[in-house]
Amino acid sequence: PVPRMQTVGDAARDAVPIVIGYVTLGLAAGMLLVAQGLSWWWAPVWSLVIYSGTMQMLLVPLAGGGESLATIALSTGFVSGRHVFYGLGFPLDRVRGGLLIRLYAVHAITDEVYALLAARDRRTMSGRYLVSVEVISHSSWVAGTTVGALTGTALVSLVGERIELLSFVLTALFVVLAIENWRNHPDIGVLCLGLVAGGIGLAMGGSAALLTALVTLAAGLVGLFAWRTRRPGAPGPQPRRRAG
């Protein structure tokens, strides 16, 4: 039987895995923010406005280090630019309501929300279901980061400057993501590009380190894709099989 995807209750049922992940990661993001010396209230503000887990984690050291707005903007474009394309495949035609509701429906599309909705039959999803999944997921992220920031603030009063040791959370996060990505999509070429880009960024140092690494990685990935698709004997697009 096709699961119901009409009501707020249906959305709450399907959003449970996202909520668990967002609360857990949000706790770490909020504690990292406080560890960098920022006030706790930045956590809910950034979570409401930015709402990009990866970029929020990267924004903490960028803002804490006094990076320029141009560097932060370009870094955001490289890291979160993929969200622009999510809106192209989002069933916005199912969303009913005013302009603000439709704009929020686009704003609240994240990797996890898009993955959840893309696996469903868009013809059976109501607009209430779609927006409810987004609101529940977004609320869990805001709650997680806020609780994490408040917890970090309480730890500051106990351990003082040693709270900076929590900054390992960001490194640990990306190490785990890299391992998981390698397990799902092992690609020695992409791995080498990442190492080269990271090395160039470290060699550059200073405020340009992250941006240099991102630009190098982006250019390398484009070049690798072009080389693989144009080399002799490269496999072309495979026809999609019909179910049944």
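Start at 1 with the first residue, then count along the sequence. Given the structure is predicted, the values throughout are model-derived calculations rather than measurements.
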Q: Go through the structure and list residues passing ring pair (Phe, Tyr, Trp, His ring centres under 6.0 Å) with Tyr129, not counting sequence neighbours.
A: none
**Q.** By ring pair (Phe, Tyr, Trp, His ring centres under 6.0 Å) - contacts of Trp40 (at least two apart)
**A.**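 Ring pair (Phe, Tyr, Trp, His ring centres under 6.0 Å) list for Trp40, sorted by chain: empty.
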Q) Is the backbone N or O of Val8 less than 3.5 Å from a side-chain atom of Arg128, with the two atoms forming a donor-acceptor pair by type? A)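 Answer holds: no.
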Q. Ignoring hydrogens and geometry, is there a side-chain-to-backbone donor-acceptor pair from Asp10 to Thr7 under 3.5 Å?
A. yes
Q: Evaluate the side chain to side chain contact (heavy atoms under 4.5 Å, CB included) criterion for residues Leu25 and Trp141: first the C-alpha distance (whole Å), next the side-chain angles of each, then the deciding distance (0.1 Å), finally the verdict.
A: CA-CA 8 Å; Leu25 183 59; Trp141 176 251; 3.9 Å; yes
Which residues pass the side chain to side chain contact (heavy atoms under 4.5 Å, CB included) test with [X], not counting sequence neighbours?
X	answer
Val16	Ile20
Ile18	Tyr22, Glu112, Val113, Leu116, Ser137
Val147	Leu27, Thr151
Ala108	Tyr51, Tyr104, Glu134

(Q) Who clusters with Leu103? Use side-chain heavy atoms, under 4.5 angstrom, across I, L, V, M, F, W and Y, and order the result by chain and number. (A) Leu99
Q: Check which hydrophobic residues are tied to Phe225 through side-chain heavy-atom contacts below 4.5 Å, counting indirect links as well, and list them.
A: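 Joined to Phe225, directly or through intermediates: none.
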Atom pair [atom1]/[atom2] of [X] and [Y] - distance to nearest 0.5 Å:
X	Y	atom1	atom2	result
Thr153	Trp41	OG1	CH2	12.0 Å
His138	Ile109	NE2	CD1	13.0 Å
Thr212	Leu217	OG1	CG	12.5 Å

Same cluster (ILVMFWY, side-chain, under 4.5 Å), [X] and [Y]:
X	Y	answer
Val133	Ile136	no
Val106	Met125	yes
Tyr114	Val95	yes
Val23	Met31	no
Leu48	Ile101	no

Q. Side-chain contact, heavy-atom cut-off 4.5 Å: Ser139 with Val135?
A. yes
Q. So, do Val222 and Trp227 sit near enough that their side-chain heavy atoms are less than 4.5 Å apart?
A. no
Q) What residues form a side chain to side chain donor-acceptor pair (under 3.5 Å) with Ser52, not counting sequence neighbours? A)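 With sequence neighbours excluded, Ser52 shows a side chain to side chain donor-acceptor pair (under 3.5 Å) to Ser80, given in chain and number order.
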Q | Any residue meeting side chain to side chain donor-acceptor pair (under 3.5 Å) with Thr24, in chain and number order, not counting sequence neighbours | A | none
Show me the side-chain donor-acceptor pairs of residues 190-204 shorter than 3.5 Å, one per line, residues at least two apart or across chains.
none

(Q) On a heavy-atom basis, which atom in Ile50 and which in His107 lie closest, and how many Å separate them? (A)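 Here Ile50 and His107 meet closest at O-CE1, 4.2 Å.
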**Q.** Heavy-atom closest pair, residues Leu224 and Gly189
**A.** CD2-C, 4.1 Å
Q: Start with the C-alpha distance between Thr145 and Leu33, add both sets of side-chain angles, then the distance that settles side chain to side chain contact (heavy atoms under 4.5 Å, CB included), and finish with yes or no.
A: CA-CA 9 Å; Thr145 56; Leu33 184 146; over 6 Å; no
